[in-house]
Every structure is written in C-alpha cells, then in structure tokens.
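Computed from heavy atoms alone, side chains included, the values below leave out hydrogens, waters and symmetry copies. Remember, predicted model here, so these are calculated numbers, not experimental data. In what follows, every chain begins at residue 1, and chains take the letters A, B, ... in the order their sequences are listed.
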Protein chains: 2
Amino acid sequence: MAQNTAIKVNETSRSAVGRDGVLDIAARLFREQGYGSVSLRKIAEAAGIKAGSIYYHFGSKDEIVAAVLDAGIRVVHASMRDAITDLRADTDGETVLRAAIRAHLHALLDVSDYTSANVRIFGQVPQSVRDANLPTRRAYEAEWDSLLSQLKKDGTLKQDVDIRRLRLMLIGTLNATLDWFDPDRGSADALSRTYADVFLNGILQRQDT
Amino acid sequence: MAQNTAIKVNETSRSAVGRDGVLDIAARLFREQGYGSVSLRKIAEAAGIKAGSIYYHFGSKDEIVAAVLDAGIRVVHASMRDAITDLRADTDGETVLRAAIRAHLHALLDVSDYTSANVRIFGQVPQSVRDANLPTRRAYEAEWDSLLSQLKKDGTLKQDVDIRRLRLMLIGTLNATLDWFDPDRGSADALSRTYADVFLNGILQRQDT
DNA sequence: TTATTAACCTAACAGGCATTAGTTTGGCGT
DNA sequence: ACGCCAAACTAATGCCTGTTAGGTTAATAA
C-alpha cells in the first residue's frame, strides 16, 4: 500500500508523508488500538504532521477508515487468489485448500496492517462505512465460495457440507487468530498447517486402519 | 443477571431500574453497538434516567463495563460446566465435547447479552478493564483445557493435538459466530452440531469403509 | 526570476464526553 | 406523623473530538 500512485509523486519538502503515508500509519494504529481510541490527532502525530493537515488528503475520518478497510480486503483477496492460481492445474483439492488457508493467514498475520486492521475494527466503525466496504467483501467471499464449491463438486469435500456456512466458519476461525496470535510462540505458517489439519481431518482419534 | 442481590431489594419508586437494571441495559447496548459508541448518556436514556444518576450505582464507566465483562464470562462458564457435569459419568468423550460446544454457543447466541457483549467489546475496552477481566477468563480457559486434556488422555482425541492451541481455535471459532449469526437462518443448536461435526471429523470426503 | 501548486500549519468552532457536587423526591419503618 | 435513605435530578466542570477557514512554505515549471 505504500506504493506510489499512478501519477508521478513529487518528493517535495524534507519529509512529505503524503496520502499513502497517512494511510499506512492509520492502518497500523487501527490494528494496534482499535477504531474508537484512534483520533485524527493521534494519526497526525504519528505521521509527524498536524491534525488539520489530514484534510488536505482526505475529506473526513470516515474516508480514511473506509480506504483502510477496502485495502485490507483487497490485499488478502489478492494473496489468496494468487496462492491458488499459482498452483498447477492438476493439483489435488486438499493442497489447494491448504494453500488458500495459508495465504489468508499470511496476509492477516505476517503482511498487512490493512487486513488486520479491517478484521479488528470492522465491527466498530459506523454503519455507513461498513456498508461501503461490503462490495469488496462480497467479492472475496465469492472467491471462497467458488473454491469450496469446486472442491465439493470434485469429491474432495463431503457432499453434505453447506458452502456458505463452511466459508463463514473457516474465515471466522482464521480471523479470530488475530486476538491471540503471538509471533514469538509460533509462525503463521505452522499455525495454518494446524488449522488445515483440523478442518480437513478433525481432531477425533480414528480406530479404522 | 437480572436476579436480585442477596440482600432484599426494595421496590422503591414507581420505576426503579436499580443497579441490575442499568447493568442489563448496558450489556444489551454494548452487544448491539460496541463499546465506543455507547455513552453513559445513552445507557441512562435507555434506562429512563439521567446520566449523572448512574453514579449512584457505579463509580465510573469502567466499573460498568468491567461488571458486564465479568458477568459475561461467568455466565458462559456456568453454562458450559453445568452441561458437562450433568452428563452421566460413563458418557463417551465425543458426546461430552459436543455438549460443551453446544453450551458455549447457547450462552453466546441464545441466552446472554453479557456473554455476547464480552466477546464483542473485549478488544475495544481500555487495557486496565481488560486486565481486570483476565482472571475470570483464565478460569474459564482452564475449564476447557481440563476437559480437552482428559479427552486426550482417554484416547478420544488424537495424541498430537496441542491443548492450548486447540482451545484457542475452538473458542475463537465459536465466538466468531457472533459476527454473522442470524437466528432467522438457523438455530444455534443446529449450528453447534455442524461445528462439532467439522471439528471432530473434518470436512474431507473419506475413501475408507 | 516569477508563478504555480502540493503539502503543510495555525487557530478556532461546536458538540459530545465522563465526571462532580449539591439538591430533590417519595416510600418505609417506627 | 416523622425522619431516614435509596434513588433519582440539575447544573456545571474541563477535556477531547472531528472539522473548517485562511495563511505559510518550499520545490518545481516557465
């Protein structure tokens, strides 16, 4: 997200944070502290500018948080889609699903303040901001539903699973990780393997074989 | 939580909401709107009193939210413990785990504004309030760890599961339900069965048998 | 050199916030 | 009938919030 806009960006004054810089900092603060306790003055201070200056880049606080939310979904969507698109066409269903889970968790825990901020504050922002984020969300959800439907059709998944419910459960589980994950206690990658193991095979000791 | 305190409660003026009434209303508003957008004035208005009057019952806003958080855990803890205690001593492990999952989801979705408020706002409240809630939380977590450890010992669960990680995953998944659950689309009870099915057996089509 | 402009600053605004102190009400036990 | 006291009210405090209008800087383009 720190990438330049299409137009050339002028390295003006000594330290110009610019729109993207403000957005980066806002995303980080939202992830760390939640929505309610992050004021424009806090964002400005962290960016090294004054609160009023933010209005040069954004029309309102809602516009900032909406931009953060949207970028958050777009990042994790791209991460997940790339992960499953990069696989060979004949990859087995289980491997594809594992890759999707790993990609989501990777974006959430390792890569993006935007994605983690989205998960963290979505339930705290004004209704209008939530609504504005819905189309982007639905596109990501559709990507999952498409994947899960295919896995069901090709016999990877049980035939009695409810796609929507499974997707809600799956993403809900992955996102909930944000509340307790500590990178010092284990990698997101190892965690994603545990998640996949549980979802695919369950935790019950099996007496077959 | 609307129960009277040990001491006799005097039905004083025409409509005395009292401490418990204020707390009930606060819990409901916190569940519905989150922490940040619920002011003392909103709570007071919903209770039919003025904002300042709340200070007769509570010393601060933090004290209110702390009381809500604590009650939330105590309710779900009691629900879960009762559910597994009521079972016969020779009940098989799978059934016990299913009962625990059902009880947690029942408290969260069907019964208690306090429990749902806790899950919803815990990540939004001041650090000091979170800390005050930790002991109660740890007690509930210990109950789960105890149950899961026993199920692992008696061979119900796979021997390579990490208890702590499984508990975090399990409770995280159940709590995440709060973000999307719609009672019009299905009961919490049916949902708990789906959850248990997935966690116990996984979603993979099996080619054994 | 001059004009332009992106990026910032200053200073103030009205409104909402939690909190406080002092006052009033009205039912209960005596 | 009297006094007590739980449970409310009124009115004000200072602080923080998002937001606005108008002024400043400094680098670039002509």
Side-chain angles (χ1 to χ4, degrees), chain A residues 2 4-26 29-30 33-68 121 124-129 132, chain B residues 2 4-26 29-30 33-68 121 124-129 132:
Chain A
N4 299 340
T5 328
I7 316 292
K8 170 177 59 176
V9 65
N10 305 354
E11 268 301 330
T12 24
S13 90
R14 188 141 345 194
S15 63
V17 280
R19 191 189 143 101
D20 288 351
V22 171
L23 219 49
D24 281 351
I25 283 159
L29 292 181
F30 283 141
Q33 313 184 24
Y35 174 76
S37 44
V38 173
S39 63
L40 290 183
R41 285 172 171 81
K42 270 193 190 174
I43 297 175
E45 191 188 15
I49 64 178
K50 295 302 163 68
S53 308
I54 291 185
Y55 283 81
Y56 175 77
H57 300 290
F58 301 93
S60 68
K61 187 186 184 185
D62 280 3
E63 195 177 313
I64 298 179
V65 69
V68 169
I121 71 175
Q124 314 177 18
V125 303
Q127 183 73 39
S128 61
V129 177
Chain B
N4 299 340
T5 329
I7 314 294
K8 171 177 58 177
V9 65
N10 306 355
E11 268 300 331
T12 24
S13 90
R14 187 140 349 192
S15 63
V17 280
R19 192 190 143 102
D20 288 350
V22 171
L23 218 50
D24 281 351
I25 284 160
L29 292 181
F30 282 140
Q33 313 184 23
Y35 174 76
S37 44
V38 173
S39 62
L40 290 184
R41 284 171 172 78
K42 272 193 188 174
I43 297 175
E45 192 188 15
I49 63 177
K50 296 302 165 64
S53 308
I54 291 186
Y55 284 82
Y56 175 77
H57 300 290
F58 301 93
S60 69
K61 186 185 183 185
D62 280 3
E63 195 177 312
I64 297 179
V65 68
V68 169
I121 70 176
Q124 314 178 19
V125 302
Q127 183 73 39
S128 60
V129 177

N/O (side chain, [X]) to phosphate O (OP1/OP2, [N]) under 4.0 Å:
| X | N | answer |
| --- | --- | --- |
| Lys61(A) | dT19(D) | no |
| Ser39(B) | dC17(C) | yes |
| Ser53(A) | dA7(C) | no |
| Tyr56(B) | dA8(D) | no |

Please state how far atom [atom1] in [X] lies from atom [atom2] in [N], giving the value in whole angstrom units.
| X | N | atom1 | atom2 | answer |
| --- | --- | --- | --- | --- |
| Ile43(A) | dC8(C) | CD1 | P | 14 Å |
| Ile54(B) | dT10(D) | CD1 | C1' | 15 Å |
| Phe58(B) | dT20(C) | CZ | P | 15 Å |
| Asp20(B) | dA7(D) | CG | P | 11 Å |
| Lys50(A) | dA21(D) | NZ | C1' | 17 Å |
| Ile49(A) | dC8(C) | CD1 | P | 5 Å |

State, to 0.1 Å, how close Val22(A) and Phe58(A) come at their nearest heavy-atom pair, and which atoms those are.
->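 Looks like CG1-CE1, 3.7 Å.
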Under 4.5 Å between any side-chain heavy atoms of Gln124(A) and Phe30(A), yes or no?
->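 With C-beta onward as the side chain, the pair stays apart.
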Looking at side-chain heavy atoms only, is the closest gap between Leu40(B) and Ile64(B) below 4.5 Å?
->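 A side-chain contact exists here, since the closest heavy-atom pair is under 4.5 Å.
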State which of dC8(C), dT19(C), dT10(D) makes the closest approach to the side chain of Ser60(B).
->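 Closest nucleotide to the Ser60(B) side chain: dT19(C).
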Find which nucleotide of DNA chain D each of Tyr55(A) and His57(B) is nearest to by heavy atoms, and output the residue with the more 5' nucleotide.
->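 Its nearest nucleotide lies further toward 5', so the answer is His57(B).
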Of Ser37(A) and Val22(B), whose nearest nucleotide on DNA chain D comes first from the 5' end?
->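 The residue mapped nearer the 5' terminus is Val22(B).
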Please round to the nearest 0.5 Å and tell me the distance separating atom CD of Glu45(B) and atom NZ of Lys50(B).
->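 The NZ atom of Lys50(B) is 9.5 Å from CD of Glu45(B), to the nearest 0.5 Å.
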Which value, rounded to the nearest 0.5 Å, describes the distance between Ile25(B) atom CD1 and Ile54(B) atom CD1?
->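 Between atom CD1 of Ile25(B) and atom CD1 of Ile54(B) there are 9.0 Å.
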Donor-acceptor pair under 3.5 Å: do we get one between Arg41(B)'s side chain and the base of dG16(C)?
->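 Not at all, since no donor on one side and acceptor on the other fall under 3.5 Å apart.
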